[in-house]
Amino acid sequence: MVQRLSTLFVRTLRDNPADAEVPSHRLLVRAGYIRRAAPGGYTWLPLGYRVFQNVARVIREEMDAIGAQEVNFPAMLPKEPYEVTGRWTDYGDNLFRLQDRRKVDFLLGPTHEEMFTLLVKDLYSSYKDLPVWLYQIQNKFRDEARPRGGLLRGREFSMKDSYSFDLDQEGLQRSYDAHRNAYIRIFERLGLPFAIVSAMSGAMGGSASEEFLFPCDIGEDTFVQCTACNYSANTEAVRVGVADAIDASSVPAAKVVDTPDTPTIQTLVDLFNAREDLQLSSRQWTAADTLKNVVVNLRHPDGRLEALAIGVPGDREVDLKRLEAQVSPAEVEAFDETHFAANTALVKGYIGPGVLGTNNASGIRYMLDPRVAMGSAWITGADSRGKHVMNLVNGRDFTADGTLDVAEIRDDDTCPSCRSALTIKRGIEIGHVFQLGPKYAEALGLHVLDKNGKQQTVTMGSYGIGVSRAVAAIAEAMHDDNGLRWPLEVSPFDVHIVIAGKDDATITAAAESLVSELESAGLKVLLDDRQGISPGVKFKDAELIGVPNIVVAGRGVASGTLEVRDRFAGTAVETPISQVGPQLVAQVRGK
RNA sequence: CGGAGUGUGGCGCAGCUUGGUAGCGCAUCUGGUUUGGGACCAGAGGGUCGCAGGUUCGAAUCCUGUCACUCCGACCA
């Protein structure tokens, strides 16, 4: 097919829109792919919608290839199934809710586990029917506190969500692997670099879960990769190994030290380094020699409030995201002045293991960072104003209630798998695969009869790809200073032909002739046939729009050539007119 | 939800301090010249200045409230 730029519904912008910060957002608006229609909601213009459809097509082809079947649910859903699973309340403010004229509650689907579960329950009741894999490509609604980055985080966005239904864990593992492999093929075809990282299952419930992240500085997810082995995980999911026990037989007895005016770890360390009787002979004291005890409140789902103390090396902070992921479904709240006042064993600023622990004065559960080895000696609070204690040995002088791995992860931390160094990166989540297990099937009563005629609860997986987000991610990954650049697989057109130079019948004829040739070969062609537009404008627009193959029909026509440009390679080659068509057809078909 | 900033034709901005009825660039339309890297000349259309209230003879401008957007943080399969 051919689309003429003179009639294409588009207007490219010379200036960046003021409200767009990230490159993909700026370029998609400037090049006329999308327009903002509502906070967190975007309209697809013809160019953008073609890319969107191409991404969706790739996803469909790969989902169909593994035997998944496409269905489509309404976006407006009844409240009841979500009440049964608890997500009507668990989703909180992020759920768009509405009522009909009779004041009956509905919601706009944020994800469809409940509906798919009920659909399978509706139709199937035998183990012979399993496994079954269903998917849809549909708009999802989430009332995000802060939509951002255009298509990257919207409140209405397109997602491919699929769900697997199996009789047992082995089946679920096969379904999970099939989806995981399909996702690898999908992102490879889309040309998106990705990392597969271990993840927390979070509000979705279930056990195993991995995220597909497109590594990118503007990404909102932080993950670690091992520099040596293939370990890779979301920072929330990183598990540090418990440190090996240390021989503490040479550590002197614990000693309480007067440490006035040491409100911070740094001032405490400075004091130890300044006092001759406390100095170390071989090195300086550092924050890593101190044990910092952080107290927080946990709000349990039943409303109960529980104080929790966490001991971490003084050179590390407690990472709230990691903490919340570990204590979920409980939520973390501040332990403020009133709570300190209520527990007289706690001396703010000087809290130490002496009072922490369920069997000690404060009665507060005390968890240690796994880096705090058995037998290691620490400087820490002495539970008395202006006093710290040194040479306090874990296991000899104090005992914690257990370990809790919630300290911040840093560059060069040790890989839990091979003990090499980790690096920290940021990424955009473009896919997520979950083993949900029986959670939803149990809640909604999805059972099938097994070989023995006994009822079995079905076990489920759920698998998502953000379709609109993938469009933005590709733009983010591929663009250059001049504009967008689309891989052929998703490009709105295969070839962008520019008629340049003076209006000239032979130039126009050469361009039109190439259009016919490419069109009859089945290629999708964009022809810049606009009159009275200077060549510079057309070149800029072509680069902005980002079709990978650009052909310029201009001054070379007189000598029998067209200029063939490669948007990715940045090359421009004068090519004999008769060769241009066959060359492009071969290139596009060989994609 | 906390902090900061911004709302003026389709897009980017000026005007606001010191109140007098809206301007520039891009885009659009007409005519002409131009045509290989965001052309030029002449002319034209398009905005009751986010919204509501107030002060004033008079408000884009001052006051109050409110809404929206952007950024940072919190939150978020």
Side-chain angles (χ1 to χ4, degrees), chain A residues 10-22 25-26 29-32 35-36 38-41 87 90-95 109-113 140 142-150 152-155 157 159-163 199-206 209-213 218 220-221 234 236-237 320-321 324-325 328 331-334 429-436 439 461-466 469 482-483 498-504 507 528 530-544 550 552-558 562-563 565 572 574:
Chain A
V10 72
R11 190 104 302 156
T12 58
L13 304 177
R14 194 172 292 200
D15 297 313
N16 281 320
D19 61 352
E21 205 62 28
V22 305
H25 185 196
R26 282 205 297 255
V29 173
R30 271 192 61 201
R35 299 293 297 174
R36 200 183 79 94
R87 292 210 294 183
D90 289 352
Y91 244 101
D93 288 338
N94 264 31
L95 199 60
T111 171
H112 281 63
E113 280 76 8
K140 298 288 188 265
R142 293 181 196 175
D143 191 357
E144 298 282 354
R146 185 147 89 89
R148 63 184 302 189
L152 283 175
R153 175 174 296 281
R155 299 204 294 178
F157 59 97
M159 178 161 94
K160 188 288 297 180
D161 48 327
S162 42
Y163 305 86
M200 300 296 295
S201 15
M204 303 294 301
S209 144
E210 289 171 291
E211 289 172 349
F212 286 71
L213 297 181
I218 60 155
E220 297 178 283
D221 289 88
N234 194 299
E236 291 166 29
L320 277 181
K321 282 190 173 184
E324 297 210 323
S328 173
E331 295 190 356
V332 179
E333 295 181 9
E429 183 184 349
I430 47 178
H432 206 150
V433 287
F434 280 95
Q435 294 192 20
L436 291 174
K439 174 179 171 177
S462 95
Y463 318 90
I465 291 180
R469 181 182 283 183
N482 294 320
V498 172
I499 297 176
K502 258 194 168 111
D503 282 338
D504 181 307
I507 291 175
D528 193 345
R530 292 175 296 177
Q531 310 239 323
I533 303 283
S534 71
V537 172
K538 292 186 173 185
F539 294 148
K540 289 286 185 193
D541 275 347
E543 280 149 10
L544 184 59
I550 298 171
V552 181
R555 60 191 175 197
V557 171
L562 297 171
E563 185 180 309
R565 296 185 181 184
E574 288 292 339

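Chain identifiers are assigned alphabetically (A, B, ...) following the order of the sequence lines, protein sequences preceding nucleic acid strands; residue numbering begins at 1 within each chain. Bear in mind the structure is a predicted one, so any value in this text is a computation, not a measurement.
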**Report entry** B:rG53 - base-pair partner by Watson-Crick or wobble geometry, distances under 3.5 Å
**Finding:** B:rC63
Query raised in the report: Roughly how many Å is it from NE2 in A:His432 to P in B:rC76, rounded to a whole number?
Result: 14 Å
Query raised in the report: Which part of the nucleic acid, if any, lies within reach of A:Lys321 when heavy atoms closer than 4.0 Å are counted: base, sugar-phosphate only, or nothing?
Result: base
**Report entry** B:rA14: pairing nucleotide in any strand, Watson-Crick or G-U under 3.5 angstrom
**Finding:** none
Query raised in the report: Which distance, rounded to the nearest 0.5 Å, do you find between the CZ of A:Arg469 and the CZ of A:Phe157?
Result: 7.0 Å
Requested in this report: With P as the reference atom in both, quote the distance from B:rA44 to B:rC24 in angstrom, rounded to an integer.
Outcome: 12 Å
Query raised in the report: Which part of the nucleic acid, if any, lies within contact of A:Arg11, taking any heavy atom under 4.0 Å across all strands shown: a base, the sugar-phosphate backbone alone, or nothing?
Result: sugar-phosphate
Report task. Classify the side chain of A:Arg153 and the base of B:rC76 as holding, or not holding, a donor-acceptor pair under 3.5 Å. Result -> yes
Query - Selection from B:rC76, B:rG36, B:rC69 that lies nearest to any side-chain heavy atom of A:Val552 - result: B:rG36
Requested in this report: Please measure how far the C1' atom in B:rC62 lies from the corresponding atom in B:rG25, and state the result in whole Å.
Outcome: 30 Å
Query raised in the report: With no angle test and no hydrogens, is the base of B:rG37 tied to the side chain of A:Arg565 by a donor-acceptor pair under 3.5 Å?
Result: yes
Requested in this report: Mark yes or no for whether A:Arg26, through its side chain, and A:Asn16, through its backbone, hold a donor-acceptor pair below 3.5 Å.
Outcome: no
Query raised in the report: If each of A:Pro147 and A:Val537 is mapped to the nucleotide of RNA chain B with the nearest heavy atom, which maps nearer the 5' terminus, i.e. the 5' end?
Result: A:Val537
Report summary line: Whichever of A:Ile465 and A:Val22 has the more 5' nearest nucleotide on RNA chain B, that residue is A:Val22
Report summary line: A:Lys540 has its side chain closest, among B:rG38, B:rC69, B:rG36, to B:rG38
Report task. Send over the distance from A:Glu220 CD to B:rC72 C1', rounded to a whole Å. Result -> 13 Å
Query raised in the report: In the structure shown, which nucleotide is the Watson-Crick or G-U wobble counterpart of B:rA22, with both distances under 3.5 Å?
Result: none
Report summary line: CG of A:Asn94 to CZ of A:Arg142, rounded to nearest 0.5 Å, is 8.0 Å
Query raised in the report: Rounded to the nearest Å, what distance is computed from the CG atom of residue A:Asp504 to the C1' atom of nucleotide B:rU34?
Result: 15 Å
Requested in this report: Check whether the side chain of A:Glu543 and the base of B:rG38 form a donor-acceptor pair under 3.5 Å.
Outcome: no
Query - Interatomic distance, A:Asp143 CG vs B:rC1 P [rounded to whole Å] - result: 11 Å
Query - B:rA27 OP1/OP2 closer than 4.0 Å to side-chain N/O of A:Arg14 - result: yes
Taking only N/O atoms, report every protein-nucleotides 8-16 of chain B pair under 3.5 Å with atom names and distance.
residue, atom, partner, partner atom, Å
B:rG12, OP1, A:Ala18, N, 2.8

Query raised in the report: Roughly how far apart, to the nearest Å, are B:rA22 and B:rG50 at atom P?
Result: 15 Å
Query raised in the report: side chain to side chain contact (heavy atoms under 4.5 Å, CB included) with A:Glu211: which of A:Asn234, A:Val433, A:Ile430?
Result: A:Asn234
Query raised in the report: For atom C1', what is the distance between B:rG3 and B:rU61, given to the nearest Å?
Result: 27 Å
Query raised in the report: Which one is paired to B:rC40, where only Watson-Crick or G-U wobble pairs with both distances under 3.5 angstrom count?
Result: B:rG32
Report task. For B:rU35, take OP1 and OP2 only and decide whether either is under 4.0 Å from a side-chain N or O of A:Ser534. Result -> no
Report task. For residues A:Ala500 and A:Pro535, report the shortest heavy-atom separation together with the two atoms involved. Result -> CB-CB, 4.3 Å
Requested in this report: For A:Ile533, report the nucleic acid contact type (base, sugar-phosphate, nothing); a contact means any heavy atom under 4.0 Å.
Outcome: base
**Report entry** Separation between the C1' atoms of B:rC11 and B:rG38, rounded to whole Å
**Finding:** 15 Å
Report task. Take the protein atom NZ of A:Lys538 and the nucleotide atom P of B:rG38, then report the distance between them rounded to whole Å. Result -> 15 Å
Report task. Heavy atoms only: give me the nearest A:Gly154-A:Glu144 pair and the separation to one decimal. Result -> O-CG, 3.7 Å
Report summary line: The Watson-Crick or G-U wobble partner of B:rC71, with both key distances under 3.5 Å, is B:rG3
Query raised in the report: Which base sits across from B:rA27 as a Watson-Crick or G-U pair, both distances under 3.5 Å?
Result: none
Query raised in the report: What does A:Arg148 touch in the nucleic acid at a heavy-atom separation under 4.0 angstrom: a base, only the sugar-phosphate, or nothing?
Result: sugar-phosphate
Query raised in the report: How many Å lie between CZ on A:Arg530 and P on B:rG38, as a whole number?
Result: 15 Å
**Report entry** Nearest-Å distance once atom P is located in both B:rC49 and B:rU21
**Finding:** 15 Å
Query raised in the report: Do other residues, nucleotides or ligands put more than 12 heavy atoms under 6.0 Å from A:Asp19 CG?
Result: yes
Query raised in the report: Quick one: A:Arg26 CZ to B:rU70 P, roughly how many Å, whole number?
Result: 15 Å
Requested in this report: Choose from B:rG36, B:rC76, B:rC71 the nucleotide whose nearest atom is closest to any side-chain atom of A:Glu21.
Outcome: B:rC71
Requested in this report: Provide, to the nearest angstrom, the distance between the CG atom belonging to A:Asp528 and the C1' atom belonging to B:rG36.
Outcome: 13 Å
Query raised in the report: Under the 3.5 angstrom rule, does the side chain of A:Tyr163 hit a backbone N or O of A:His112 as a donor-acceptor pair?
Result: yes
